[in-house]
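Worksheet: the structure to be examined is printed underneath.
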Amino acid sequence: KYKVLAGPVSPPPLDADTTDWATIEPGAFWATPLTDFMLRGEFQVPAGWDADAPKALTLPIGDAKDFSHPEALAYLDGQPYASADRHHREIMLPARVNDGQTHRLALHGWSGRGNYGRLQMKECAVVQIHPPTRDLIAAARVALDVTKQLDDSATAKDRLLNALDAAFVILDTRDPLGSDAFYESVPAALDALIRGIELAGAPMDVDIIGVGHAHIDVAWLWTLDQTVRKAGRTFSN
């Protein structure tokens with residue numbers, strides 16, 4: 001359900017009657033630029049899913065070309081929870097919603113600026129996450145990026161490439177990708193990649209400290225009132 005709001009400081013209508021709201025189907029075109037909006041719906045985590053597997057919502061609410069909009073603050077059962085935008089299309093779900101019951105989802109947002117036309121609603125979904133696949137993707141991406149920084153004469157480069165090759169030989173990538181055979185092959189591929197990375201050389205004796213940060217322009221391509229909402233969306237993440 002979709003409703004256009006008067007402006008960014010309009011309170012989000014979390015409990016309003018949606019009888020007269022528009023219905024946005026997957027694939028439909030909806031908000032135009034500079035539109036404050038409210039989207040409301042429901043979702044359910046299937047009761048038969050693996051209780052231990054992480055669950056998430058995927059919310060590709062639009063395609064704003066090469067800019068960060070649209071963006072929204074997501075409410076779960078009436079409580080602000082996380083933001084959704086081009087950079088945050090996946091929202092990890094809390095364990096409390098893994099109960100097979102129906103839960104409320106609301107997105108209070110802004111379509112943003114730009115010369116593009118109406119936004120298109122991509123298909124949203126409740127998903128299970130397979131942690132070994134996530135770990136394999138991360139390890140493979142880092143290993144490949146490291147090889148691009150190493151000189152061709154570096155022994156570690158050849159060993160990392162051999163480790164990647166060994167992992168992807170084990171990985172079942174037959175069509176259709178994403179079958180049970182693929183997921184069953186992931187742990188062994190990950191183990192092979194980790195062993196190969198260890199053989200590439202001892203890690204450096206250094207500590208790497210990462211500090212998360214967020215960037216908010218107080219007044220750039222939006223009003224001060226919009227900045228208030230953007231701050232809430234940013235800090236929710």
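The residues of the chain are indexed from 1 along the displayed sequence.
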Are L221 and L34 connected, step by step, through hydrophobic side chains (Ile, Leu, Val, Met, Phe, Trp, Tyr) whose heavy atoms are closer than 4.5 Å?
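Looking at the clustering, L34 is in the same group as L221.
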
Taking only residues two or more places apart in sequence or in another chain, which ones pass side-chain contact (heavy atoms from CB on, under 4.5 Å) with D158?
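Partners of D158 by the side-chain contact (heavy atoms from CB on, under 4.5 Å) criterion come out as none, since no residue qualifies.
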
Between H215 and W220, is the gap from one ring center to the other below 6.0 Å?
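So the answer is no for these two rings.
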
Both conditions, 6.0 Å and 45 degrees, for the charged tip of K230 above the ring of W222: are they met here?
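Pair K230/W222 counts as cation-pi.
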
Is V169 isolated, or which residues cluster with it under the ILVMFWY side-chain rule of less than 4.5 Å, directly or via members?
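V169 shares its hydrophobic cluster with no other residue.
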
Please give me the minimum heavy-atom distance between [X] and [Y], naming the atom from each residue.
{"X": "I24", "Y": "M121", "result": "CG2-CB, 3.8 Å"}
{"X": "Y81", "Y": "P94", "result": "OH-CD, 3.3 Å"}
{"X": "T23", "Y": "E25", "result": "CG2-OE2, 3.7 Å"}
{"X": "P54", "Y": "M92", "result": "CB-CE, 3.7 Å"}

Classify the angle between the aromatic ring planes of H69 and W110 as parallel (below 30°), tilted (30 to 60°) or perpendicular (above 60°).
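Taking W110 first and then H69, their aromatic rings stand perpendicular (interplane angle over 60°).
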
Can you confirm whether more than 12 heavy atoms, excluding those of D20, are under 6.0 Å from its CG atom?
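For D20, atom CG is crowded (more than 12 foreign heavy atoms under 6.0 Å).
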
Please check if atom CZ in R174 has more than 12 non-hydrogen atoms from other residues, nucleotides or ligands closer than 6.0 Å.
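No, because the 6.0 Å sphere around CZ of R174 holds 12 heavy atoms or fewer from other groups.
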
Give, for atom CG of L193 and atom CG of N162, the distance between the pair rounded to the nearest 0.5 Å.
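L193 CG to N162 CG: 12.0 Å, rounded to 0.5 Å.
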
With the threshold set at 4.0 Å, does a side-chain nitrogen-carboxylate oxygen contact exist between D36 and R229?
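No, this pair does not count.
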
Salt bridge or not for K157 and D151, using N-O below 4.0 Å?
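Result for this pair is no, no salt bridge flagged.
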
Can you give each donor-acceptor pair under 3.5 Å made by side-chain atoms of residues 7-17, sequence neighbours left out, with the distance rounded to 0.1 Å?
{"residue": "S10", "atom": "OG", "partner": "G7", "partner atom": "N", "Å": "3.3"}
{"residue": "S10", "atom": "OG", "partner": "G7", "partner atom": "O", "Å": "3.2"}
{"residue": "D15", "atom": "OD1", "partner": "R104", "partner atom": "NH1", "Å": "3.3"}
{"residue": "D17", "atom": "OD1", "partner": "T19", "partner atom": "N", "Å": "3.0"}
{"residue": "D17", "atom": "OD1", "partner": "T19", "partner atom": "OG1", "Å": "2.6"}
{"residue": "D17", "atom": "OD2", "partner": "T19", "partner atom": "OG1", "Å": "3.2"}

